[in-house]
2 protein chains.
Amino acid sequence: MALTAESITSTALSILSQYGLGDLSMRRLARELDVQPSALYWHVKDKQSLLILISRSLKAEVDALCPATADPLAAAMSLREVLLKYRDGAEIVLLGYSITPPDVAPQALGADRLGAELSHGILTLTLGAVAVEQNRRLFAIDPADAAENFAANASLLLRSSRRLP
Amino acid sequence: MALTAESITSTALSILSQYGLGDLSMRRLARELDVQPSALYWHVKDKQSLLILISRSLKAEVDALCPATADPLAAAMSLREVLLKYRDGAEIVLLGYSITPPDVAPQALGADRLGAELSHGILTLTLGAVAVEQNRRLFAIDPADAAENFAANASLLLRSSRRLP
DNA sequence: ACCTGAACACCGTTCAAGT
DNA sequence: ACCTGAACACCGTTCAAGT
């Protein structure tokens, strides 16, 4: 199977969901793809740019789940769900969102839809909350009422966004 | 100077504010303290527990700036300020808050004051927003209106907390 | 009690050289 | 164009041994 940026990304995604970011090394990735570590660098600039490819792929997954006109609270819940599918999804997407916000923000939560300010608010709240939640899972600390708790805070923040375009 | 957990933490803090988390390695820390890397492990369990010591120290810094009865919005702004002093403060405190919330949450923003739900909301919003802000600084992307933007979202979230104990 | 020295099992990245 | 092999400059952590 020929090596491509896509095959690298999808193998990374699978390592991520099974083992997490701690095990996602360029060397481990290369081993999984039966290739020398240096081979990856012909397809991908460096590890950071791979993480950005990953976060774009997660955005696409959220967009497939909820269209641009979806209810913002429902979209935030879907984003959370997708982030949770991959062990350190929130940390990675936080990086991607920092560097290229429009490429990573789900349509239903983008600046076009909610305005720059509120879009940034709901995204940073979601990324922060899920990052904490994922760290806690790592340490086997109570998940418990994480979903309801997040929903409550997200809806407090979004309270001002009733009646959208 | 005798090596202690405190001297290790404060040297770590200084590396952090000058160079950031990428340069905060156990080996680098040991070099700065004129000691073998292995010496650190007598005083500190591992790197992660050092990061938790660091995040407790930042909590103390915020508490010194604003007492338990401070206005929550003002406290959130102070927390942001302190996090910004140290290059990857938000990422580190996010880890600390994940593992031992009460040891890391500033008094004025703790669960005792705001209730578990809202306390978690304002803290994850702050940590998420500042983590993004610090990543952007790393890449020399616009700081610009980050403070006002954060203040706006934090006050949206805290809107429900008027009239406190 | 506190620290050194050496070792183990890793990293990300570059680059000449091969095909 | 695409990949190998070897190298460079690092990591965190453990552990016998020294003082």
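Since we're looking at a predicted model, the values are computed, not measured. Here is the naming used below: chain letters follow the sequence lines, and residue numbers restart at 1 for every chain.
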Asp112(A) side, atom CG; Gln107(A) side, atom CD - distance, nearest 0.5 Å: 9.5 Å

dA9(C) versus dC10(D) - spacing of their P atoms, nearest Å: 22 Å

Nearest-0.5 Å distance that lies between atom CG in Leu118(A) and atom CG in Asn149(B): 9.5 Å

Polar side-chain atom of Arg113(B) near backbone of Ala70(B) as donor-acceptor pair, under 3.5 Å: yes

Pairs where residues 29-49 of chain B contributes a residue and the test salt bridge (charged side-chain N to carboxylate O under 4.0 Å, His left out) is met, not counting sequence neighbours: Arg28(B)-Glu32(B)

Spacing of His43(A) atom NE2 relative to dC3(D) atom C1', expressed in whole Å: 8 Å

Heavy-atom pair with the smallest gap, counting every atom of Gly110(B) and Ala105(B): CA-CB, 4.4 Å

Side chain to side chain, Leu24(B) and Tyr19(B), heavy atoms closer than 4.5 Å: no

Dot-bracket pairing map - DNA chain D, Watson-Crick plus G-U, both contacts under 3.5 Å, | cross-strand: ||.|||||...|||||.||

Contact state string [nucleotides 6-19 of chain C, B base, S sugar-phosphate only, - no protein heavy atom under 4.0 Å]: -B---BBBBB----

Distance between C1' atoms of dC8(C) and dC11(D) (Å, rounded): 12 Å

Residues Glu81(B), Lys85(B): salt bridge by 4.0 Å N-O rule: no

Backbone N/O of Ala74(A) and side chain of Asp71(A): donor-acceptor pair under 3.5 Å: yes

